[in-house]
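Notes to accompany the following structure.
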Amino acid sequence: MATATSIVRSPAALLSAKVTVSDHKPTPTVQFSRFPSKRSCFTALLSSLHDNNNDDDNNNNVISHPKPLSSSQRFNSVSNGSRLRVAYQGVRGAYSEAAAEKAYPNCEAVPCDQFDSAFQAVEKWLVDRAVLPIENSLGGSIHRNYDLLLRHSLHIVGEVKLAVQHCLLANHGVQLEDLSRVLSHPQALAQCENTLTKIGLSREAVDDTALAAKHVALHKLKDTGAVASSSAAKIYGLNILAQDIQDDCDNVTRFLILAREPIIPGIQNPFKTSIVFSLEEGPGVLFKALAVFALRQINLTKIESRPLRNQPLRAADDNNGSKYFDYLFYVDFEASMAEERAQNALRHLKEFATFLRVLGSYPVDTTMM
Ligand SMILES: O=C(O)C(=O)C[C@]1(C(=O)O)C=C[C@@H](O)C=C1
């Protein structure tokens with residue numbers, strides 16, 4: 001199993017935190033001797049690297065001239081032979097760590113306290129990739145990551161589907177009847193909604209499933225359990241009271257793999273492309289947008305709409321004082337950007353979209369089909 005390192009939040013650990021940037025960019029190893037106590041490790045880490053990066057950017061503008069990866073490179077280690085560093089949100093034992101290891105079996109999985117920190121870790125060259133959840137078959141979309149995809153400029157270079165099997169965990173000696181409360185990530189609580197209602201436990205949300213397990217173990221709680229993985233049970237020394245407590249046995253979370261550079265899209269394997277666009281207000285405009293794919297026999301696998309945050313409302317053209325909500329549309333379609341039909345579809349969409357960005361064209365994870 002890959003070891004989790006470096007990006008930590010406990011102040012004690014910060015005293016010895018050491019981060020080595022293992023990719024092509026010659027940013028030096030960063031060592032911390034001391035941090036202001038209340039400041040998050042990550043924030044301090046970023047600002048300490050900021051000056052370095054600025055210098056570098058001014059000199060050779062590395063970040064604004066990305067070097068595309070080939071699609072086969074997705075599974076390799078970095079070019080200098082060291083292990084790929086992959087950021088995930090959560091602590092050891094989180095499903096996201098398992099997803100990072102499924103994507104890159106020999107990687108060094110790097111925990112981050114927030115999704116945003118994982119994005120920034122890639123952007124600041126602290127890690128090589130980030131693996132972040134985007135949707136779940138029971139709980140639906142992880143909206144925060146949709147929003148972050150647009151706020152940051154990373155590229156989607158792959159996807160990973162992970163079967164999520166939740167357990168109800170408690171300290172040794174604690175029985176189901178002793179529990180009145182359960183902690184977990186909101187998605188995990190939503191995926192076990194029916195089971196938890198049947199048992200009659202109150203729910204409390206924390207940042208990730210493994211953190212819930214860690215908290216229950218650390219504080220030796222007797223009335224509180226955690227919904228988390230069997231590997232979290234092992235890591236934090238908890239007892240598994242019940243297994244497979246998700247509301248449907250087919251519980252799958254889809255994660256995106258993010259990198260600084262896009263991959264060169266291929267046509268040998270099934271590819272998927274993710275885009276985001278906005279449209280003028282008007283009857284049938286979304287219908288017209290989706291038709292650019294239907295006309296070319298391109299199958300859509302996902303559509304998600306999110307409010308356009310910097311311009312959430314738009315006045316109606318007829319000047320009657322009414323206002324519309326403005327939206328961004330995220331669409332995944334089954335074609336590679338190397339295919340002419342995909343290029344034509346996007347050229348067509350561009351004729352009337354007010355904004356369009358390709359988030360990535362990447363191989364489909366076929367392991368769960
Ligand atoms: O809390 C975790 O263990 C996570 O990795 C996060 C997360 C999510 O955000 O959806 C990942 C997979 C499961 O769907 C539940 C939680």
Side-chain angles (χ1 to χ4, degrees), residues 1 4 7-14 37-38 40-42 88-100 109 111-118 132-133 136-140 142-145 162-249 251-253 255:
M1 191 198 246
I7 298 184
V8 283
R9 350 176 221 205
S10 92
L14 295 183
S37 58
K38 287 248 164 76
S40 105
C41 162
F42 202 82
Y88 69 94
Q89 187 272 327
V91 297
R92 283 207 59 215
Y95 293 102
S96 299
E97 183 192 37
C112 293
D113 54 5
Q114 300 297 329
F115 290 139
D116 203 21
S117 317
L132 296 171
N136 172 268
S137 54
L138 299 179
I142 288 115
H143 293 135
R144 176 85 185 134
N145 281 333
L162 189 79
V164 173
Q165 291 167 304
H166 292 300
C167 303
L168 179 59
L169 311 181
N171 279 302
H172 289 277
V174 173
Q175 308 298 318
L176 190 58
E177 317 68 88
D178 302 326
L179 299 180
S180 59
R181 188 173 75 125
V182 74
L183 307 180
S184 198
H185 184 278
Q187 269 285 335
L189 294 172
Q191 292 158 24
C192 304
E193 173 75 31
N194 298 343
T195 318
L196 297 176
T197 303
K198 251 184 242 158
I199 306 175
L201 297 175
S202 71
R203 285 142 238 193
E204 219 170 281
V206 294
D207 281 352
D208 65 272
T209 56
L211 186 65
K214 188 176 178 182
H215 183 87
V216 167
L218 206 67
H219 298 279
K220 301 186 171 53
L221 301 178
K222 302 274 180 234
D223 62 344
T224 305
V227 173
S229 64
S230 55
S231 83
K234 230 179 265 163
I235 293 168
Y236 302 108
L238 293 176
N239 186 28
I240 300 179
L241 288 179
Q243 252 168 336
D244 272 335
I245 61 164
Q246 64 279 359
D247 293 339
D248 192 303
C249 56
N251 185 27
V252 176
T253 301
F255 294 78

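FYI, the numbering just counts along the sequence from 1. All values below were derived from every heavy atom in this structure, side-chain atoms included, with hydrogens, water molecules and symmetry-related copies excluded.
Without hydrogens or angle criteria, N251 side chain to D248 main chain gives no donor-acceptor distance under 3.5 Å. The closest donor-acceptor contact from the side chain of H219 to the backbone of L221 lies at 3.5 Å or more, if one exists at all. Distance alone, capped at 3.5 Å, places no donor-acceptor pair between the Q191 side chain and the S137 backbone. S96 places no side-chain N or O within donor-acceptor distance of the main-chain N or O of P133, the cut-off being under 3.5 Å. A donor-acceptor pair under 3.5 Å is absent between the side-chain atoms of T224 and the main chain of V216, judged by distance alone. Panel note: side chain E97, backbone R92; no donor-acceptor pair is recorded below 3.5 Å. A distance-only check finds a donor-acceptor pair linking the side chain of Y95 to the backbone of Q165 [under 3.5 Å]. At least one donor-acceptor pair under 3.5 Å links the side chain of N136 to the backbone N or O of V252. Counting only distance, with no hydrogens or angles, the side chain of D247 and the backbone of N194 share a donor-acceptor pair below 3.5 Å.
Taking CG of L183 as the reference point, atom CG of L201 lies at 10.5 Å (rounded to 0.5 Å). The distance from the SG atom of C167 to the CG atom of D244 is 7.0 Å, given to the nearest 0.5 Å.
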Task: Full working for side chain to side chain contact (heavy atoms under 4.5 Å, CB included) between L241 and L179 - done: CA-CA 11 Å; L241 288 179; L179 299 180; 3.8 Å; yes
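Between A213 and L238, the shortest heavy-atom contact is O-CD1, 3.4 Å.
Few gaps surround CD on E193; more than 12 heavy atoms of other groups in view lie less than 6.0 Å from it.
Counting heavy atoms from C-beta outward, V174 and N239 have side chains that stay 4.5 Å or more apart. No side-chain heavy atom of P111 sits less than 4.5 Å from a side-chain heavy atom of V91.
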